[in-house]
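One structure is given here, and the rest of the page talks about it.
Note on naming: letters A, B, ... go to the chains in the order of the sequence lines (proteins, then strands), and numbering restarts at 1 for each one. What you see is a predicted model, and the numbers here were worked out from it, not measured in a lab.
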Amino acid sequence: MFETLDQIFILLKQGVLGLLPQGIRPLASCLLTVSAVFSVFGLLFAVTTLVERKALGRIQNRLGPNRVGPFGLLQPVADGIKMLTKENIVPRAADRLVHFLAPVVLIVPVALAFSVLPYGRNMVPVELDAGLLFFFAVGASTELAVFMAGWSSRNKYALLGAMRGIAQMISYEIPLVLSTLAVVMVAGTLSLPQIVSAQGGYLFGWIPQWHVLTPWGLAGFVLFLIAATAESNRAPFDLPEAESELVAGYFTEYSGFKFALFFLGEYWGLFAVSGLAVTFFLGGWHAPLPMLQWVPSWLWFFGKLLFLLSLFIWVRGTVPRLRTDQLMNYAWKFLLPLTLVNLVAAAAWHYSRSWDFPAALLWRWLACAAIIAIPYVLLGAALGGGRQKTQRIYRYAD
Amino acid sequence: MELVFVIIAALTLVSAIAAMSLRNLVHCALWLVLALGGLACLYIQLSAEFVGFAQILVYIGAVAILIVFAILLTRGAGVGDKSPTVSGSWITSVCVGLLVLGSLVFSIVHSSAITRPLPQSPDLTVKKIGDALMTRYVLPLEVIALLLTAALIGAVIIAMRDEESK
């Protein structure tokens with residue numbers, strides 16, 4: 001029973017393939033996988049926009065969408081119809097071809113990134129030996145789409161937004177990659193399914209061996225999340241599309257469904273990078289407790305993914321936007337050194353695995369945590385520049 | 001297999017030619033990206049996955065962006081250059097090109113490489129590449145790392161001097 005439920009999608013696919021003639025099976029197999037991935041993440045996009053608007057509404061003490069359908073549940077459908085039926089306006093001065101290609105160049109690499117994520121036991125669309133490298137390689141091409149959109153619009157806001165966006169994405173890509181490198185070092189592989197299986201099993205019978213529960217994993221997870229927020233241009237790192245300064249940043253001159261494609265690309269980028277965080281730090285599709293192993297593995301993956309998405313929405317609703325100078329300083333002077341220190345901590349964790357004395361695990365944990373915590377405190381004090389924290393006085397508000 | 005190679009090679013060549021001959025610099029840069037992507041496809045087709053992905057990551061993700069930034073920062077991008085595509089000295093350059101090609105073909109035909117049998121394509125994993133880089137080829141790797149660091153520091157110093165003179 002459990003086996004069937006856990007592997008239900010694999011069995012379904014094999015069942016469908018069995019009905020088809022031998023010749024078209026490879027093609028049909030690809031199509032089935034691709035359509036499954038697209039429909040799941042398309043639906044997830046619709047649900048996330050609704051949840052985000054609702055949650056932001058609650059955080060900002062208002063109701064959020066509640067007109068279409070019960071509790072506003074049909075709002076994504078209404079949005080979709082609106083986007084599809086809107087007129088497509090291209091500025092007269094725009095470079096038409098590049099303007100048209102930019103959303104395509106954005107969507108394709110992001111969709112490719114989904115192909116290497118392990119969604120459950122035996123559920124990885126493409127098993128690559130260098131899966132992580134593939135993920136970051138296709139992710140890097142989205143910067144080009146941002147440039148194409150900003151440049152081809154012939155609009156100052158769009159170009160400024162694109163320049164900001166590219167500078168930010170390049171700066172934060174380095175901590176993003178380096179924070180995953182600690183996991184690669186310890187697991188000794190670039191393949192995502194193997195990294196998931198390295199996190200299987202339970203310590204003392206109930207503590208999951210997820211990387212997030214090790215000191216370097218915890219630090220890496222937090223650093224990864226920060227860099228991922230910046231990489232997907234979300235608040236508090238949404239300077240490239242700061243509404244109050246740049247209208248909508250690099251996609252100011254896009255309307256109708258092309259605008260929707262940029263929106264989709266942004267959210268899909270967030271899903272992909274959250275999926276990578278789940279795979280690398282939260283144990284992938286493994287259950288958190290041994291007695292919960294009867295729950296199908298794919299449910300765990302998507303549960304963790306939804307947890308991360310709600311975390312991102314929460315952060316968006318609570319943290320104010322950074323200034324440009326703060327943004328660059330934060331990436332280069334704070335995140336980058338800390339990720340390098342984290343690599344040292346991961347190496348220390350790797351070499352201390354043979355420690356064998358009473359409470360060795362505890363000491364090992366504390367020693368590795370100290371390797372990260374001491375530079376963190378020192379760096380924070382140095383960058384703070386000896387500024388004193390003072391009580392802020394508000395003249396017109398309590 | 002052959003057909004795939006022909007398509008990729010034609011794509012790479014056409015985009016490389018477009019990158020040379022178009023007048024709008026940003027368009028040239030975008031075509032260059034396509035050419036670099038075609039090269040990455042060729043690597044992947046030769047089942048050198050690691051090199052192919054690294055090519056995309058480094059050349060499309062970083063070098064292309066650098067080129068684009070350089071174009072935007074140095075001159076009014078978008079205004080097409082009106083000078084003709086073929087310059088007056090084209091006869092000389094064609095001669096030089098033919099000479100180089102001739103000498104290359106000559107040396108390849110007369111070398112022993114052409115008679116050697118094709119080596120068996122090794123079963124390469126990323127782990128093996130990493131091991132080789134860290135053991136047998138560690139010295140060249142370190143030398144390149146030192147060179148790149150020196151270049152990086154040099155670039156920073158050049159950029160800094162400008163600021164001080166203001």
Checklist entry - Would you find more than 12 non-hydrogen atoms of other residues, nucleotides or ligands less than 6.0 Å from A:Arg96 atom CZ? => result no
Checklist entry - Do any of residues 97-108 of chain B have a heavy atom less than 4.5 Å from a heavy atom of chain A, and if so, which, in residue order? => result none
Item to check | Shortest non-hydrogen separation from A:Ser141 to B:Ile60 and the atoms involved | outcome: CB-CG2, 4.2 Å
Checklist entry - So does B:Phe69 have more than 12 non-hydrogen atoms from other groups sitting under 6.0 Å from CZ? => result yes
Checklist entry - If you draw a 6.0 Å radius around NZ in B:Lys128, do more than 12 non-hydrogen atoms from other residues or ligands fall strictly inside? => result yes
Checklist outcome for this item: Nearest heavy-atom contact between A:Leu144 and B:Ala64 is CD1-CB, 4.4 Å
Checklist entry - Using a heavy-atom distance cut-off of less than 4.5 Å, which residues of residues 175-195 of chain A contact chain B? => result A:Gly188, A:Leu190
Next on the checklist: Counting only non-hydrogen atoms closer than 4.5 Å, does A:Phe136 touch chain B with its backbone (N, CA, C, O), its side chain (CB onward), both, or neither?
Outcome noted: both
Next on the checklist: Under 4.5 Å from any heavy atom of chain B, what part of A:Leu101 do you find: side chain, backbone, both or neither?
Outcome noted: neither
Item to check | Exercise: identify the closest heavy-atom pair between A:Ala137 and B:Phe53 | outcome: CB-O, 3.5 Å
Item to check | Residues in residues 28-36 of chain B near chain A [non-hydrogen atoms, under 4.5 Å] | outcome: B:Leu30, B:Val33
Checklist outcome for this item: Note: A:Asp129 and B:Glu49 closest approach over all heavy atoms is N-OE1, 4.1 Å
Next on the checklist: Nearest 0.5 angstrom please: B:Ile71 CD1 to A:Trp151 CH2, how far?
Outcome noted: 9.0 Å
Next on the checklist: Applying side-chain contact (heavy atoms from CB on, under 4.5 Å), can you list everything that pairs with A:Ala102, at least two apart in sequence or on another chain?
Outcome noted: A:Met148, A:Ala149, A:Tyr254, A:Phe262
Checklist outcome for this item: Bottom line for A:Ile170: the part with an atom under 4.5 Å from chain B's heavy atoms is side chain
Checklist entry - Can you name the nearest heavy-atom pair linking A:Ala140 to B:Gly61, along with the distance? => result CB-CA, 3.6 Å
Next on the checklist: Are the side chains of B:His27 and A:Val98 in contact, using a 4.5 Å heavy-atom criterion?
Outcome noted: yes
